[in-house]
Amino acid sequence: QQKVQQSPESLIVPEGGMASLNCTSSDRNVDYFWWYRQHSGKSPKMLMSIFSNGEKEEGRFTVHLNKASLHTSLHIRDSQPSDSALYLCAASSVSGSFNKLTFGAGTRLAVCP
Amino acid sequence: DPKIIQKPKYLVAVTGSEKILICEQYLGHNAMYWYRQSAKKPLEFMFSYSYQKLMDNQTASSRFQPQSSKKNHLDLQITALKPDDSATYFCASSQQENTEVFFGKGTRLTVV
């Protein structure tokens, strides 16, 4: 059973549009959430991380976290074709295995010009 | 200029053979990891090392053996290879626990 669920599996947005990606953990021990982006054939690179309830913004990217529901979401405004990639959500726990990241299956985003 | 170097980039192996995947990091990090990604499964944690000490092993099989000869070096030996082992193996590192994990470019292994 996948402990980190991401939705939707795939998403198409027009250039300049808003992309919203969701992620929920079923592990009550999760403390941290991480968002990674992986372009085709490349390695994952961290976009943003969030540890506290609320919202965090960095440029065109905003991440929300609701710790009570263990739900996080990533929003990309003014989406660009270069944002087309696999977006991976990962969760980790302070009390769990040493810095083990548990990844979801990802959301594949396509931004169409 | 890659700071986590994985060799080789591509690897084709015969079923039953043994291979070693090489990883060196030049980020000055104290912790190193191996992850695996295949078409069938999401990116999956395999091992974590901190100061050359094995911290966690999440692989069910003893065919996978990490080897750390130096603090910035973590190889992965895989024996008795099976077609199911075909995947991209990513080496990763972080400064310490609960900090950003950086990934190498990966070694794509195909077992025929």
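The figures here come from the full heavy-atom set of this structure, side chains too, leaving out hydrogens, waters and symmetry mates. Below, read A as the first sequence line, B as the second, and so on, with proteins coming before strands; counting in each chain starts at 1.
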Neighbour count above 12 (heavy atom, 6.0 Å) for [X] [atom1]:
X	atom1	value
A:Ile12	CD1	no
B:Tyr51	OH	no
B:Lys105	NZ	no
B:Lys71	NZ	yes
B:Lys82	NZ	no

Residue A:Lys42 versus chain B: region with a heavy atom under 4.5 Å: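 When you check distances to chain B, only backbone atoms of A:Lys42 fall under 4.5 Å.
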Minimum heavy-atom separation for [X] to [Y], with atom names?
X	Y	value
B:Gly104	A:Ser43	O-CB, 2.9 Å
B:Pro42	A:Gly104	CB-O, 3.5 Å
A:Phe103	B:Leu43	CB-O, 3.4 Å

Cluster check B:Phe102, B:Tyr33: I/L/V/M/F/W/Y, side chain < 4.5 angstrom: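 B:Phe102 and B:Tyr33: separate clusters.
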Cluster overlap B:Tyr49 with B:Met55, hydrophobic side-chain contacts below 4.5 Å: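 Different clusters.
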Flag, side chain of B:Tyr35 to backbone of A:Leu101, donor-acceptor distance under 3.5 Å: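 Yes; judged by distance alone, with no hydrogens or angles, the pair exists.
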Interatomic distance, B:Asp56 atom CG to A:Asn99 atom CG [nearest 0.5 angstrom]: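 Taking CG in B:Asp56 and CG in A:Asn99, the distance rounds to 11.0 Å.
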Separation of B:Glu100 CD from A:Tyr36 OH (nearest 0.5 Å):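 It comes to 5.5 Å.
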Top contributor to chain A contacts, counting heavy-atom pairs under 4.5 Å, from B:Glu44, B:Lys41, B:Gln37: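 The residue among B:Glu44, B:Lys41, B:Gln37 with the greatest pair count is B:Gln37.
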For chain A, the option from B:Gly106, B:Ser50, B:Ala31 that forms the most heavy-atom pairs under 4.5 Å: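 Top option by heavy-atom pairs under 4.5 Å: B:Ser50.
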Residue B:Phe90 versus chain A: region with a heavy atom under 4.5 Å: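 The side chain, not the backbone.
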